[in-house]
Amino acid sequence: MSSAQNEHKIQESYEFCKNLAVSHYENFPVGSFLIPKDKRRYVYSIYAFARTADDIADSNESSYDKFHKLSGLKEDLHKVVKNEFESINEDNKKFLSALSHTIETLNIPVMEFDDLLAAFMQDAIKSRYEKWGELIEYSKFSANPIGHLILILFGYDMKKDAKLFEYSDKICTALQLTNFWQDVSVDLKIDRVYIPEEVMRQYEYDYEALILGREDKRFHSMMKDLVSRTRNLFLEGKDLINNVSGRLKLEMKLTYAGGNEILNKIERINYNVLTERVKLSKTDFIKLFFKTIF
């Protein structure tokens, strides 16, 4: 393949990633205009990879089939990094061409994508959590790599700027937990529960009450505790905002504000997340943007 043909193939792949990204609603804007235009295509390629893996993990297929597909995606990822495109799944090739270019251009450790896949593989086979620490460990793979990738995208180094990556981990873990509390009812529909059993026992709540949709005082107290723990993690990572600059600073402020606003909305509905799913509207985004700027 000529260099011109290869460049065309990569551009087509980036376009596919962009279309996939903008067609999905997310709490936090993908490829926000706060990210410099010349960097957005890299964000789209990362998103396409994560979105595809997430869709597999959340599908109605058997645990075995989901795990098998995710394992295949991991194999394909490592093949493209080695420029071995011949035996790659055609659907995966649509976005892996762009992702491979992103990895090479930004010098991203492929381990970050392996970690993301580890979380999706876990979702394929695990649907209950015993301890709070298990959620923190899960977030280490499901959410924290995204923060690493954004920092790398803006030129930060994992060794030289280690403290920034630690702050980022706190915020990303908090964002992941926020998503759990936002989506309690959604996850329940696919028989997935992220509320730890130890926390349920602490409030004398259980799976039966959860499945029956009981939003009683026990449930409210439990969710209040989970929201409070999540807010503490946001606070532990807040110094990230004070130690980055330019557009990334604004992006981090907006993301931080968005996560906390979801928690605010959960509080405003008195933690009744089983009967009402909160989300950020376009109006919310506009308000948060102006609050962030001014």
| task | Would you please classify the geometry between the Phe113 ring and the Phe49 ring as parallel, tilted or perpendicular, with 30° and 60° separating the classes? | result |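 Rings of Phe49 and Phe113: perpendicular, as their planes differ by over 60°.
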| query | Taking the inter-plane angle between the rings of Tyr205 and Phe219 on a 0 to 90° scale, is it parallel (under 30°), tilted (30 to 60°) or perpendicular (over 60°)? | reply |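 Tilted.
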| request: Given salt bridge (Lys or Arg N to Asp or Glu O under 4.0 Å), test Glu137 with Lys140 step by step and report yes or no. | output: CA-CA 5 Å; Glu137 184 67 15; Lys140 206 163 57 169; 3.1 Å; yes
| task | Check whether NZ of the Lys or CZ of the Arg Arg51 lies under 6.0 Å from the centre of the six-membered ring of Phe95 and within 45 degrees of that ring's axis. | result |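 Pair Arg51/Phe95 does not count as cation-pi.
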| field | Distance (rounded to the nearest 0.5 Å) between Asp58 CG and Lys66 NZ | value |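 It comes to 7.0 Å.
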| message | Nearest 0.5 Å, please: how far is CD1 in Ile262 from OG1 in Thr178? | response |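 If we round to the nearest 0.5 Å, Thr178:OG1 and Ile262:CD1 are 8.0 Å apart.
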| Heavy-atom side-chain proximity of Leu288 to Leu280 below 4.5 angstrom |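 Yes, side chains in contact.
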Can you name the nearest heavy-atom pair linking [X] to [Y], along with the distance?
X      : Y      : result
Gly147 : Ser168 : CA-OG, 3.4 Å
Asp114 : Leu77  : OD1-CD2, 4.0 Å
Asn270 : His220 : O-CD2, 3.2 Å

| request: Would you kindly confirm whether Leu212 and Val186 end up in one hydrophobic cluster when ILVMFWY residues are joined by side chain heavy atoms under 4.5 Å apart? | output: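 No: no chain of side-chain contacts under 4.5 Å links Leu212 to Val186.
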| Do Tyr14 and Tyr44 have ring centres separated by under 6.0 Å? |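 No: the rings miss the under 6.0 Å criterion.
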| query | Run the salt bridge (Lys or Arg N to Asp or Glu O under 4.0 Å) check on Lys279 and Asp183 step by step: do they pass? | reply | CA-CA 10 Å; Lys279 66 179 182 179; Asp183 280 350; over 6 Å; no
